[in-house]
Amino acid sequence: MNLEKQKRAPVYEALQQLRRQRVVPFDVPGHKRGRGNPELVQLLGEQCVGIDVNSMKPLDNLCHPVSVILEAENLAADAFGAAHAFFMVGGTTSAVQSMILSACKAGDRIIVPRNVHKSVINALVLCGAIPVYVNPDVQPRIGIALGMEVSQVEQAILANPDAVAVFVNNPTYYGICSDLRSIVKLAHAHHMMVLADEAHGTHFYFNDTLPVSAMAAGADMAAVSMHKSGGSLTQSSLLLLNDTVNEGYVKQIINLTQTTSASYLLMSSLDISRRNLALRGEQSFGKVMTMAEYAREEINEIGGYYAYGREICNGTSAFDYDVTKLSVFTREIGLAGIEVYDLLRDEYDIQIEFGDIGNILAYISIGDRMQDIERLVGALADIKRLYTRDTTGMLSLEYISPQVVATPQQAFYAKKEMLPLEQTNGRICGEFVMCYPPGIPILAPGEIITKDVLEYICYAKDKGCSMQGMEDPKVEKLNVLTER
């Protein structure tokens, strides 16, 4: 990384120059630097609305960058150790889908862990690729899905030698990492690409004590959520490429779906945040790790909770752990994670990232302070004292291995009928069912609906999880494939 060059922020600098010029706008957006929408200015401020502008020659164009955006993308590539970086303004969802659409065509096979984000399976619906699912092991105490074992990946490769790529979570939402270096070496030996979902791994690039990043491990592409641990604005992301990938082809794929009206608010936030991480990331994430480790120790001292860390690593399916993640198992105090999530927000004015049926995740990043950690710990101690219940009847698993009988695309576009939940046992699901966050499908199109899955859906719904993906917003009915 060239630290001197990393002091630049070309998109940000170009916007500052435009502001000084006081250009009269006869282009879009129609609010004309906010003059046409005073309430928007009141909400966001003149500084923000004044740089919500359209593409123009001095500001370059994201669809075909040749100047300041290209410079900023090159600086991002340098900072992340990639051959090329693309600015993405449709979130990491668009980056994940661009990876898969670049690697796969209709009928191609791709090896994926089943505990992927919905964006992965959505991409398979779009392109018609066929998933070869690797069902992850489940951590016996806390019930969460782990990573892919190298032996599982090898078995899938040998059984599907025509597969074109292997997809890896690095890390999972809970912080679990697979042995990415070994998976890359294995996949490349069989002439398969490796695609990494690093939505929750931006910080891996800026502190050597954290798990290995996808680019350092030799993966071909990685989708990186700068807006999560990287500090940029929500919806801004990066797609990283190694020198094994045709940059021009990937650009064409991105432009199939990415907006032609890219937000300069998002792009400038990527530019500024990259500079911040390149110059101060190692120190910043060192502080994040210190805060997270302190929080783990304090929460485990309360009793009843289990804030897990590197001790859950087993050398295979949990090869490494992201210690910046504050994942806490709550079921032993008789509360589902989503119930603790709700209590923290409603009773203590603390908003955490998510709660599922057994865990919560408090996302700690560069904007947090130690006093915030103390407040969270105190609230959790209070919740244990006031709300502990008997654990009888609580579900124990976050992940249920699916029974796949059709590809996502086949099932999504098949003829369907909507039935009450209780009548769907044994039928083939034609839509997604998931709790969001984390956005990992409980059911995906093409999977058999089983009694265990229905019990999980009803339990999660009853506990207050945000259920998404279904046509029926009340989650009382499901779309299933019409029986012949």
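When a residue number appears, it is its place in the shown sequence, counting from 1.
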query: Taking atom types as modelled and ignoring hydrogens, do the side chains of Glu353 and Tyr173 form a donor-acceptor contact shorter than 3.5 angstrom?
result: yes
message: Between Arg114 and Glu447 (salt bridge meaning N to carboxylate O under 4.0 Å), is one present in this structure?
response: yes
- line: Sequence neighbours excluded, the answer for side chain to side chain contact (heavy atoms under 4.5 Å, CB included) partners of Ser151 is Glu149
Distance (rounded to the nearest 0.5 Å) between Arg427 CZ and Ile449 CD1: 8.0 Å
- prompt: Under 3.5 Å, is there a donor-acceptor pair linking the side chains of Thr324 and Asp322?
  reply: yes
- request: Look at atom NE2 of His190 and say whether more than 12 heavy atoms of other residues, nucleotides or ligands are closer to it than 6.0 Å.
  value: yes
query: Between Asp320 and Arg310, is there a side-chain N and carboxylate O pair less than 4.0 Å apart?
result: yes
field: Results of side chain to side chain contact (heavy atoms under 4.5 Å, CB included) for Thr172 - residues two or more places apart only
entry: Asn115, Asn169, Tyr174, Ile176
query: Without hydrogens or angle criteria, can the side chains of Glu198 and Tyr205 be said to hold a donor-acceptor pair below 3.5 Å?
result: yes
- prompt: Once you round to the nearest 0.5 Å, how far does CD1 of Ile457 lie from SG of Cys465?
  reply: 11.5 Å
query: Do Ser232 and Ser273 have side-chain N/O donor and acceptor atoms under 3.5 Å apart?
result: no
task: Please determine if Lys118 forms a cation-pi arrangement with Tyr436, meaning its NZ or CZ atom is less than 6.0 Å from the six-membered ring centre and no more than 45° off the ring axis.
output: yes
message: I'd like to know if Glu73 pairs up with Arg274 as an ion pair, taking the criterion as any Lys NZ or Arg NE/NH1/NH2 lying under 4.0 Å from an Asp or Glu carboxylate oxygen.
response: no
message: Parallel, tilted or perpendicular, judged at 30° and 60°: which one describes the rings of His203 and Phe285?
response: tilted
- request: Would you tell me whether His188 and Asp220 have side-chain atoms, one donor and one acceptor, within less than 3.5 Å of each other?
  value: yes
message: Tell me whether Arg296 forms a cation-pi arrangement with Tyr308, defined as NZ or CZ under 6.0 Å from the six-membered ring centre and within 45 degrees of its axis.
response: no
- request: May I ask you to decide if Gly309's main-chain N or O and Glu311's side chain share a donor-acceptor pair within less than 3.5 Å?
  value: yes
query: Side-chain donor-acceptor pair under 3.5 Å between Thr209 and Asn207, yes or no?
result: yes
Ser327 side chain to Asn359 side chain, donor-acceptor N/O pair below 3.5 angstrom: no
message: I'd like to know if Lys477 pairs up with Glu417 as an ion pair, taking the criterion as any Lys NZ or Arg NE/NH1/NH2 lying under 4.0 Å from an Asp or Glu carboxylate oxygen.
response: no
field: Between CG on residue Leu62 and CG on residue Asn255, distance to nearest 0.5 Å
entry: 7.5 Å
message: Please report the interatomic distance CG(Asp472) to CE(Met418), rounded to the nearest 0.5 Å.
response: 5.5 Å
Ring pair (Phe, Tyr, Trp, His ring centres under 6.0 Å) partners of residues 396-431, not counting sequence neighbours, each pair once: none
